[in-house]
Participant: 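My structure is below; once you've seen it, I'll send some questions.
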Amino acid sequence: MNLALTGDVMLGRLVDQYMIGNESVDPQLLWSDVLPMMLSADARLVNLECVVSDKGAEWRPMTKAFHFRAHPRAIEFLRAAKVDCATLANNHVLDYGREALLDCFVLLDHACIKRTGAGSTLAEAMEPAWIESSDARAAVLALTDNEADWEATERVPGTYFIAYDDRGLREPYRTRTTELMSRLRPRADFVIVSAHVGPNWGAPSTGMQALAHELIDLGADVYWGHSNHTPQGIELYRGKAILYSAGDFVDDYAVDVDERNDLSFLFVLTLEHRRLTRIRLYPTCVENFRVRLANPQEAAFLNRTMTAKCTAFGTCLTFQDDMGTIVVR
């Protein structure tokens, strides 16, 4: 099984105005020349960094700076890339309140796009999405440390929220997650944990590293991080992979000339015999509210910066023909 993972896909604001809201735009144009790489995988997973709905009102507009909502036509753009799963545990999925969140569930379900990380109850938010092929069955969980007020309960819709420190998960989140993984692991050949945690910039903190290690120890095969606007190093830990941040994949954000948050990757994981054997990194760039393959100069920047970030974790990343490869042993 080959699984394609992206960083944050934010379809609100100017992306919504100029791409999704423009009926003359073919939904495939959002993904441009990256689309063939996405479609060549067996399944595609994105972190949906917005709510898809035309309902609701801005949540606490006087204190929350950014609110991201995409018109329901955004579903056509996700379907154009054959997105199999959208992770929803992040700090924008409730930007327009619970009415919009529940509407988003209906739209995704109707389009047969699996979801995880948010739900009408805590149990639903913690329920994994299942990605299956003829040879393997992968479970995808999604959690976040953002917006504690959005934590789902048994009666209130919200996200799968967690809290952690330099020792890893805090209680009751450690017990809750341990029990979930113990129930899940016997049913899954492969487990991916989507983690929207940490700040927008900078290398992963000691606490983030402790969290990632603990989730692997509990049974995850891949830690798929995002929230940080730039891709961060990949660590191989006990034969498993920790992608500390996949960066930004689609958005309308201002670009920092030093950080180059418009540059990232499409990550393709190869699973063989129930284990991860290889990670391929295809350099990408956000331009004009869509994603495209990086040009040679952009790819060279990503080669240099990502190689250094991986080396810091003792991981060997090699590039050939502008594609990065990590062999997992």
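Both backbone and side-chain heavy atoms feed into the values below; hydrogens, waters and symmetry mates do not. Quick caveat: nothing in here was measured; it's all calculated off a predicted structure.
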Participant: So Glu151 and Arg176, salt bridge (charged side-chain N to carboxylate O under 4.0 Å, His left out) or not? Walk me through it.
Facilitator: CA-CA 14 Å; Glu151 180 176 6; Arg176 185 179 294 164; 3.4 Å; yes

Participant: Run the salt-bridge test on Lys64 and Asp95 with the 4.0 Å N-O cut-off and return the result as yes or no.
Facilitator: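 Yes, Lys64 and Asp95 are salt-bridged.
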
Participant: Going by ring-ring contact (aromatic ring centres under 6.0 Å, His included), name the residues that satisfy it together with Phe301, two or more places apart in sequence or in a different chain.
Facilitator: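 Here no residue qualifies.
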
Participant: Which residue is it: Asn91, Asp145, Asn146, Thr159? I am looking for the one with a side-chain hydrogen bond (donor to acceptor under 3.5 Å, both in side chains) to His196.
Facilitator: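 Result for side-chain hydrogen bond (donor to acceptor under 3.5 Å, both in side chains) with His196: Asn91.
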
Participant: Using a strict 4.0 Å threshold on nitrogen-to-oxygen distance, state whether Asp189 and Arg274 make a salt bridge.
Facilitator: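 Judged by the 4.0 Å cut-off on N to carboxylate O distance, Asp189 and Arg274 do form a salt bridge.
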
Participant: Show your reasoning for whether side chain to side chain contact (heavy atoms under 4.5 Å, CB included) applies to Leu39 and Lys82.
Facilitator: CA-CA 7 Å; Leu39 296 181; Lys82 296 187 178 180; 3.9 Å; yes

Participant: State the CG-CG distance between Asn2 and Leu269, to the nearest 0.5 angstrom.
Facilitator: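 The distance works out to 8.5 Å.
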
Participant: Give the intermediate values and the outcome of side chain to side chain contact (heavy atoms under 4.5 Å, CB included) for residues Thr144 and Ile162.
Facilitator: CA-CA 6 Å; Thr144 182; Ile162 55 98; over 6 Å; no

Participant: Would you check if there is a donor-acceptor pair between the side chains of Glu154 and Thr121 at a distance under 3.5 Å?
Facilitator: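 No pair is found: no donor N or O on one side chain lies under 3.5 Å from an acceptor on the other.
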
Participant: Applying side chain to side chain contact (heavy atoms under 4.5 Å, CB included), run through Trp224 and Phe267 and close with a yes or a no.
Facilitator: CA-CA 10 Å; Trp224 167 32; Phe267 299 84; over 6 Å; no

Participant: Of all the heavy-atom pairs spanning Val9 and Leu11, show the shortest one and how long it is.
Facilitator: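 In terms of heavy atoms, the two residues are closest at CG1-CD2, 3.6 Å.
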
Participant: Does His71 offer a backbone N or O that forms a donor-acceptor pair with the side chain of Asp16 under 3.5 Å?
Facilitator: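 Yes: the side chain of Asp16 pairs with the backbone of His71.
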
Participant: Just jot down the side chain to side chain contact (heavy atoms under 4.5 Å, CB included) partners of Ser245, sequence neighbours excluded, or say none.
Facilitator: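 Asn228, Gln232.
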
Participant: Enter the distance from Leu317:CG to Ile234:CD1 here, rounded to the nearest 0.5 Å.
Facilitator: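 That separation rounds to 7.0 Å.
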
Participant: Counting N and O atoms only, with roles assigned by atom type, does the side chain of Asn261 sit under 3.5 Å from a partner on the main chain of Ala254, one being a donor and the other an acceptor?
Facilitator: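 Looks like yes, one N/O pair under 3.5 Å.
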
Participant: Using a 3.5 Å cut-off and no angle test, enumerate the donor-acceptor pairs between side-chain atoms of residues 99-109 and protein atoms at least two apart in sequence or in another chain.
Facilitator:
unit_1	atom_1	unit_2	atom_2	d
Asp103	OD2	Ser53	OG	2.7
Asp109	OD1	Arg115	NE	2.9
Asp109	OD2	Arg115	NH2	2.9

Participant: Distance from Leu122 atom CG to Thr153 atom OG1, nearest 0.5 Å?
Facilitator: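 So the CG of Leu122 and the OG1 of Thr153 are separated by 7.5 Å.
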
Participant: Under a 4.0 Å N-O cut-off, is there an ion pair linking Arg260 with Asp262?
Facilitator: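 Looking at Asp262 together with Arg260, the answer is yes, because their closest N to O distance falls below 4.0 Å.
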
Participant: Write out all pairs satisfying ring-ring contact (aromatic ring centres under 6.0 Å, His included) with one or both partners inside residues 125-167, taking only residues at least two apart or from two chains.
Facilitator: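 Pairs touching residues 125-167 that pass the test: Trp59-Trp150, Phe161-Tyr173.
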
Participant: Mind listing the closest non-hydrogen atom pair of Phe77 and Leu30 along with its distance?
Facilitator: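 Heavy atoms only, the tightest pair is CD2-CB, 3.8 Å.
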
Participant: List the steps, then state whether side chain to side chain contact (heavy atoms under 4.5 Å, CB included) holds for Met19 with Arg290.
Facilitator: CA-CA 8 Å; Met19 297 292 290; Arg290 67 191 76 183; 3.8 Å; yes

Participant: Could you check whether Arg170 pairs with Asp165 (Lys NZ or Arg NE/NH1/NH2 to Asp/Glu carboxylate O, under 4.0 Å)?
Facilitator: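 A salt bridge links Arg170 with Asp165.
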
Participant: Restricting to side chain to side chain contact (heavy atoms under 4.5 Å, CB included), what partner residues turn up for Ala195, sequence neighbours left out?
Facilitator: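 Partners of Ala195 under the side chain to side chain contact (heavy atoms under 4.5 Å, CB included) test: Leu143, Val197, Tyr223.
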
Participant: Pairing donors with acceptors under 3.5 angstrom, does anything connect the side chains of Asp8 and Asn47?
Facilitator: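 A pair is found: one side chain offers a donor N or O, the other an acceptor, under 3.5 Å apart.
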
Participant: At their closest point, which heavy atom of Thr315 faces which heavy atom of Leu236, and how far apart are they?
Facilitator: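 Nearest pair, atom of Thr315 first, then Leu236: OG1-N, 3.6 Å.
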
Participant: Please list every donor-acceptor pair under 3.5 Å in which a side-chain atom of residues 318-329 meets a protein atom from a residue at least two apart or in another chain.
Facilitator:
none

Participant: If you measure from the Lys or Arg side-chain nitrogens to the Asp or Glu carboxylate oxygens, is any gap between Arg187 and Glu132 under 4.0 Å?
Facilitator: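 Glu132 and Arg187: not salt-bridged.
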
Participant: If I compare all heavy atoms of Cys85 with all of Thr116, which pair ends up nearest, and what's the gap?
Facilitator: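 Distance-wise, the nearest heavy atoms are SG-CG2, 4.4 Å.
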
Participant: Could you tell me whether the side chain of Arg69 and the main chain of Gly12 form a donor-acceptor pair under 3.5 Å?
Facilitator: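 Not confirmed, Arg69 side chain does not pair with Gly12 backbone.
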
Participant: Can you tell me which residue among Leu263, Asn303, Thr284, Leu293 is in a side chain to side chain contact (heavy atoms under 4.5 Å, CB included) with Glu298?
Facilitator: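 Answer after filtering Leu263, Asn303, Thr284, Leu293: Leu263.
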
Participant: Is the backbone of Glu272 close enough, under 3.5 Å, to the side chain of Arg275 for a donor and an acceptor to pair up by distance?
Facilitator: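 Answer holds: no.
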
Participant: Please collect all ring-ring contact (aromatic ring centres under 6.0 Å, His included) contacts where either partner lies in residues 9-42, sequence neighbours excluded, each pair once.
Facilitator: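 Only Tyr18-Phe289 qualify under ring-ring contact (aromatic ring centres under 6.0 Å, His included).
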
Participant: Between Arg73 and Glu76 (salt bridge meaning N to carboxylate O under 4.0 Å), is one present in this structure?
Facilitator: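 Judged by the 4.0 Å cut-off on N to carboxylate O distance, Arg73 and Glu76 do form a salt bridge.
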
Participant: Under the side chain to side chain contact (heavy atoms under 4.5 Å, CB included) test, which residues partner Gln17, sequence neighbours left out?
Facilitator: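 Partners of Gln17 by the side chain to side chain contact (heavy atoms under 4.5 Å, CB included) criterion, ordered by chain and then number, come out as Leu14.
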
Participant: Could you list who else is in Phe68's hydrophobic cluster, with ILVMFWY side chains joined at under 4.5 Å, directly or through other members?
Facilitator: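 Cluster partners of Phe68: Met10, Phe66, Tyr253.
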
Participant: Does a side chain donor of either Ser264 or Asp248 reach within less than 3.5 Å of an acceptor in the other side chain?
Facilitator: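 Side chains of Ser264 and Asp248: no pair found under 3.5 Å.
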
Participant: Which residue pairs satisfy the side-chain hydrogen bond (donor to acceptor under 3.5 Å, both in side chains) criterion with at least one member in residues 208-217, sequence neighbours excluded?
Facilitator: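 Output for this query lists Arg174-Glu214, His213-Glu235, Asp217-Tyr237, Asp217-Arg238.
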
Participant: Quick one: does Ser32's side chain have a donor or acceptor within less than 3.5 Å of a partner on Val291's backbone?
Facilitator: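 It does hold such a pair.
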
Participant: Would you confirm whether Thr311, through its side chain, and Gly314, through its main-chain N or O, come within 3.5 Å as a donor-acceptor pair?
Facilitator: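 Side chain of Thr311 to backbone of Gly314: no pair is present.
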
Participant: Quick test of your reading of the model: are Arg292 and Asp33 salt-bridged, counting only N-O distances below 4.0 Å?
Facilitator: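 Looking at Asp33 together with Arg292, the answer is no, because their closest N to O distance does not fall below 4.0 Å.
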
Participant: By the side-chain hydrogen bond (donor to acceptor under 3.5 Å, both in side chains) test, which pairs, at least two apart or in different chains, include something from residues 199-208?
Facilitator: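 Applying side-chain hydrogen bond (donor to acceptor under 3.5 Å, both in side chains) to every pair that reaches into residues 199-208, excluding sequence neighbours, yields nothing.
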
Participant: Of Val268, Val140, Val222, Ile192, which meets side chain to side chain contact (heavy atoms under 4.5 Å, CB included) against Leu3?
Facilitator: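 So the option named by the test is Ile192.
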
Participant: For the residue pair Thr175 / Glu171, report whether a side-chain donor-acceptor contact shorter than 3.5 Å exists.
Facilitator: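 There is such a pair between these side chains.
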
Participant: Hey, quick one: are Val34 and Ile20 part of the same hydrophobic cluster, counting side-chain heavy atoms closer than 4.5 Å, chains of contacts allowed?
Facilitator: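 Yes, one cluster joins them.
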
Participant: Between Ala241 and Ile216, what is the shortest heavy-atom contact and its length?
Facilitator: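 Heavy atoms only, the tightest pair is O-CD1, 4.1 Å.
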
Participant: What residues, two or more places apart in sequence or in another chain, satisfy side chain to side chain contact (heavy atoms under 4.5 Å, CB included) together with Ala308?
Facilitator: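 Scan of Ala308 (side chain to side chain contact (heavy atoms under 4.5 Å, CB included), adjacent residues dropped) gives none.
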
Participant: For a quick test of reading the model, state the closest non-hydrogen atom pair linking Ile131 to Ala43 and the distance between them.
Facilitator: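 That would be CG2-CB, 3.5 Å.
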
Participant: Is Lys240 reaching over with its side chain to a backbone N or O of Ala220, donor-acceptor style, under 3.5 angstrom?
Facilitator: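 Flag not set: sc Lys240 to bb Ala220 has no pair under 3.5 Å.
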
Participant: Does one hydrophobic cluster hold both Phe313 and Leu211, with members joined at side-chain heavy-atom distances below 4.5 Å?
Facilitator: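 Same hydrophobic cluster.
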
Participant: Measure from the side-chain N and O atoms of Thr87 to the backbone N and O of Ser194, and report whether any donor-acceptor pair falls under 3.5 Å.
Facilitator: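 Not at all, since once roles are kept as given, no pair shorter than 3.5 Å links the two residues.
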
